[in-house]
Amino acid sequence: MQWSKLFIPTLREVPAEAEVVSHQLLLRAGYVRQLAAGIYSYLFLAQRSLLKIEKIVREEMDAMGAQEMLLPALNPAEVWQESGRWDVMGQNLFRLKDRFDRDLCLAMTHEEVMTTIARGELRSYKQLPQIWYQIQTKFRDEPRPKSGLLRVRQFLMKDSYSFDLEPAGLDASFDKHYEAYKRIFTRCGLEFVAVEADSGAMGGSQSTEFMVASDAGEDFVVVCGSYAANLEKAVAHPVPPAAPDPDGEFEPEPVHTPGVKTIAEVADFLKLPASSQMKSLVMMADDKPVLALVRGDHQLSETKFASVMKAREIRPALPHEIRELFGADPGSLGPVGVKNIRVIADKALEGRRNMVAGANRDDYHLLHVTPGKDFPVEFADLRQVAIGDTCMECGLPVAIRKTIEIGHIFKLGYKYSDAMGLRVQGPDGSDVRVIMGSYGIGIERILCAAIEQSHDSNGIILPPAIAPFQVVITPVNNGDEAQKQAALQIYQACQSLGLDALLDDRDERPGVKFKDAELIGIPFRITVGKKLAQGMVELVTRKSKTSEDVLVAEAAELVGKLCR
RNA sequence: CGGGGCGUGGCUCAGCCUGGUAGAGCGCCUGGUUCGGGACCAGGAGGCCGGAGGUUCGAAUCCUCUCGCCCCGACCA
């Protein structure tokens, strides 16, 4: 294509509203324009890149035997009411009414519709397994869209759904996706990590997220050697307590601690490190109070807590609730003498003795509190992994990294098939429940992640597989007939090799053309200039900023090799 | 939803405090000179200052309300 005829509105300055790099560059390079908060128009370059990403996704999905469909984005309320998600999704679901006052929504995923199709049509075990997928626009009424294309209200997603007869079949479908996802992200040129993820309180035995390290991300993952998990789910050995527990059989002993409330203040006042204290957190799990205990220097993981409680909704208790339940204010709370409230402690407190806790009396703490002896307790993993923790597998310190989630694969189990009555007839004529999995990929997020991961002060650096064009041919002076002809010749040679080539035939100064080509991230540039007299042109690699002189006749073929 | 910031030509921003109906750079158009890293000269087009109401002789500027966008937090199948 000829640049002079294209709409590629590059910007010299960064639009004020863009904060994260991928957002700034997508705007500057003329890929996207914003229509409203979290709603973007994908212009020519973005669309080309997204189509290439989709093509890779399709090839790999098709290769595993998945079948592509296209389902409605506009859904009747009924199917969402059947699955229960009409209520569960709350405000995140875009809802609307039609002219007859019927409730509708814009789908944020397609479990309901897929299950509706499956239960109407799948009748025999012989028809299983099935894997169905689609690439389409999803809608979510995000409370706070942000970070350019990373958290938006309308976005493209590849979602697939597997239907199997038994758990082993689901495992196989899950594994197929796992492998396909690795190939997809590798082909897209991304450095990614697959991590264990929290599968939520409602069903689902296993889930894996695919993450790309980036400061623009919103998720944290814990990684070390072969271990990788979302921070919400990660486990690791805590650093040992800073001081040994006092030896001996003691009874809890009140100590006056006026105005001493926080862990740090208690540590200072009693000259005992935070790790010798029990942090008492009053939580409401589905509106029932629970006292959660973690080591003083540890943090409660709300995800783990919710999961242990099997609660749909958890929140910290309000000050007045705490007062009513404990007779004391936060800062003096503890587990001793607590009645009719479930007490659950993090595993790091198991085996500890003679620790410090609040006395449930304002301005008092207790010394020598031992879990199990001084109060009944159950133990569970409640703690969020922290920097300094060591890996359960290799013993080395774990790293915590900020990441962008680009894919998530999920064993759903029977949640939707049970809720919506999806069964098939088994070999013996009886009804068999169908077990499902769901698997998502954020299409735009792949593009964003690629940009976040690979850019420099001049702009985007895209891998050839997902760049809108693989090569740009730039005659330094398009008014020079010899240069113009040579550029055209190379351009045509690229095309005949099947390369996506762009001919920069604009009547611009060379600096402008170089800057633009670099900004929009085209991996290779062939510059036709002075050396044409010797039959040579320059092949410039965007990523390495290196340049080599090549023969006019060989330029296209060289680029072809580099793109493979 | 809580906290903060910002809305002035296409983009970046000044002007607002101390009211007198708008300015710069870039971009755009025309002509010319240029042509290996976002050229130069000359000429030109383009905004009623997010919106509504109020105060005032007079409002981009002061007051009230409202809409939108961004950031932090809460939230995030």
Side-chain angles (χ1 to χ4, degrees), chain A residues 9-20 23-24 27-28 30 33-40 80 83-94 105-112 138-148 150-153 155 157 159 161 197-204 207 209 216-219 230 232 302-303 306 312-316 404-405 408-410 412 415-416 438-440 442 457-459 474-480 483-484 504 506-519 525 527-532 537-538 540 545 547:
Chain A
T10 57
L11 263 24
R12 198 185 289 217
E13 289 182 273
V14 184
E17 74 261 21
E19 187 91 353
V20 304
H23 189 201
Q24 294 179 345
L27 288 168
R28 278 194 61 207
R33 288 295 183 261
Q34 185 175 45
L35 185 62
I39 305 177
Y40 286 83
W80 287 74
S83 72
R85 293 210 297 176
W86 182 260
D87 296 320
V88 172
M89 289 330 316
Q91 300 247 275
N92 259 17
L93 188 63
F94 270 110
C105 66
L106 298 175
M108 49 200 293
T109 62
H110 279 76
E111 280 83 357
E112 283 80 2
K138 309 280 177 178
F139 299 88
R140 280 184 206 177
D141 196 354
E142 288 288 344
R144 182 149 99 84
K146 59 173 183 174
S147 306
L150 285 172
R151 181 157 292 278
V152 288
R153 295 192 289 174
F155 57 99
M157 184 168 167
D159 53 328
Y161 304 87
D198 178 61
S199 44
M202 293 169 297
S207 93
E209 290 169 331
E218 304 181 285
D219 289 278
N230 192 303
E232 292 179 343
E302 296 204 0
T303 310
R312 236 171 74 167
E313 203 185 302
I314 61 154
R315 62 173 172 87
I404 298 169
E405 178 187 347
H408 196 165
I409 59 178
F410 205 99
L412 285 176
K415 179 173 179 223
Y416 293 89
S438 88
Y439 317 87
S457 57
N458 290 321
T474 308
V476 168
N477 182 353
N478 202 49
D480 179 306
Q483 287 187 19
K484 187 175 173 179
D504 195 351
R506 292 177 298 169
D507 182 21
E508 287 285 356
R509 296 170 61 85
V512 172
K513 293 194 267 197
F514 296 157
K515 288 287 185 195
D516 272 344
E518 282 157 16
L519 177 59
R525 183 179 83 218
T527 308
V528 182
K530 283 181 194 140
K531 293 167 192 157
L532 186 61
V537 291
E538 287 165 37
V540 183
K545 301 187 177 91
S547 164

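Sequence lines set the chain letters: A, B, ... in the order given, protein chains first and strands last, and positions in each chain run from 1.
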Problem set entry | Base B:G36 paired with A:N477 side chain (donor-acceptor, <3.5 Å) |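 By the distance-only test, no, there is no pair.
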Exercise. Would you say A:E518 and A:R525 make side-chain contact, with heavy atoms under 4.5 Å?
Worked result: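 Of all side-chain heavy-atom pairs linking A:R525 with A:E518, at least one is under 4.5 Å.
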For this session: Assign A:A16 to base, sugar-phosphate, or nothing according to its heavy-atom contacts below 4.0 angstrom with the strands shown.
Result: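 Counting heavy atoms under 4.0 Å across all strands, the contact made by A:A16 is with sugar-phosphate only.
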Mind checking what makes salt bridge (Lys or Arg N to Asp or Glu O under 4.0 Å) contact with [X], not counting sequence neighbours?
{"X": "A:E209", "value": "none"}
{"X": "A:R315", "value": "A:D287, A:E321"}
{"X": "A:E142", "value": "A:R151"}

Exercise. With A:R509, which residues qualify under side chain to side chain donor-acceptor pair (under 3.5 Å), at least two apart?
Worked result: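 Residues passing side chain to side chain donor-acceptor pair (under 3.5 Å) with A:R509: none at all.
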Exercise. Taking only N and O in the side chain of A:Q34, is any of them less than 4.0 Å away from OP1 or OP2 of B:C70?
Worked result: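 The answer is yes; a side-chain N or O of A:Q34 sits under 4.0 Å from OP1 or OP2.
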Exercise. Who passes side-chain contact (heavy atoms from CB on, under 4.5 Å) against A:S147, sequence neighbours left out?
Worked result: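 For A:S147 the side-chain contact (heavy atoms from CB on, under 4.5 Å) partners, ignoring immediate neighbours, are A:V20, A:L150.
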Out of [options], whichever nucleotide has its closest atom nearest the side chain of [X]:
{"X": "A:E518", "options": "B:G36, B:G37, B:C35", "answer": "B:G37"}
{"X": "A:P510", "options": "B:G36, B:C35, B:U12", "answer": "B:G36"}
{"X": "A:R28", "options": "B:G38, B:G37, B:C69", "answer": "B:G38"}

Quick one: which protein N/O atoms are closer than 3.5 Å to N/O atoms of nucleotides 73-76 of chain B? Pair and distance per line, please.
| residue | atom | partner | partner atom | Å |
| --- | --- | --- | --- | --- |
| B:C76 | O2 | A:R151 | NE | 3.4 |
| B:C76 | O2 | A:R151 | NH1 | 3.0 |
| B:C76 | O2 | A:R151 | NH2 | 2.4 |

Where do N or O atoms of nucleotides 27-33 of chain B meet protein N or O atoms at under 3.5 Å, pair by pair?
| residue | atom | partner | partner atom | Å |
| --- | --- | --- | --- | --- |
| B:G27 | OP1 | A:R12 | NH2 | 3.3 |

Exercise. What is the distance from CD of A:E13 to P of B:A24, rounded to the nearest Å?
Worked result: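 The distance from CD of A:E13 to P of B:A24 comes to 16 Å, rounded to the nearest Å.
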For this session: Send over the distance from A:L150 CG to B:C70 C1', rounded to a whole Å.
Result: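 In whole Å, B:C70 C1' lies 15 Å from A:L150 CG.
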For this session: Report the residues that fulfil ring pair (Phe, Tyr, Trp, His ring centres under 6.0 Å) with A:Y40, sequence neighbours left out, ordered by chain and then residue number.
Result: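 A:Y40 satisfies ring pair (Phe, Tyr, Trp, His ring centres under 6.0 Å) with A:H23 once adjacent residues are dropped.
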Exercise. Among all residues two or more places apart in sequence or in another chain, which pass the ring pair (Phe, Tyr, Trp, His ring centres under 6.0 Å) test with A:Y439?
Worked result: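 Applying ring pair (Phe, Tyr, Trp, His ring centres under 6.0 Å) to A:Y439 gives A:H177.
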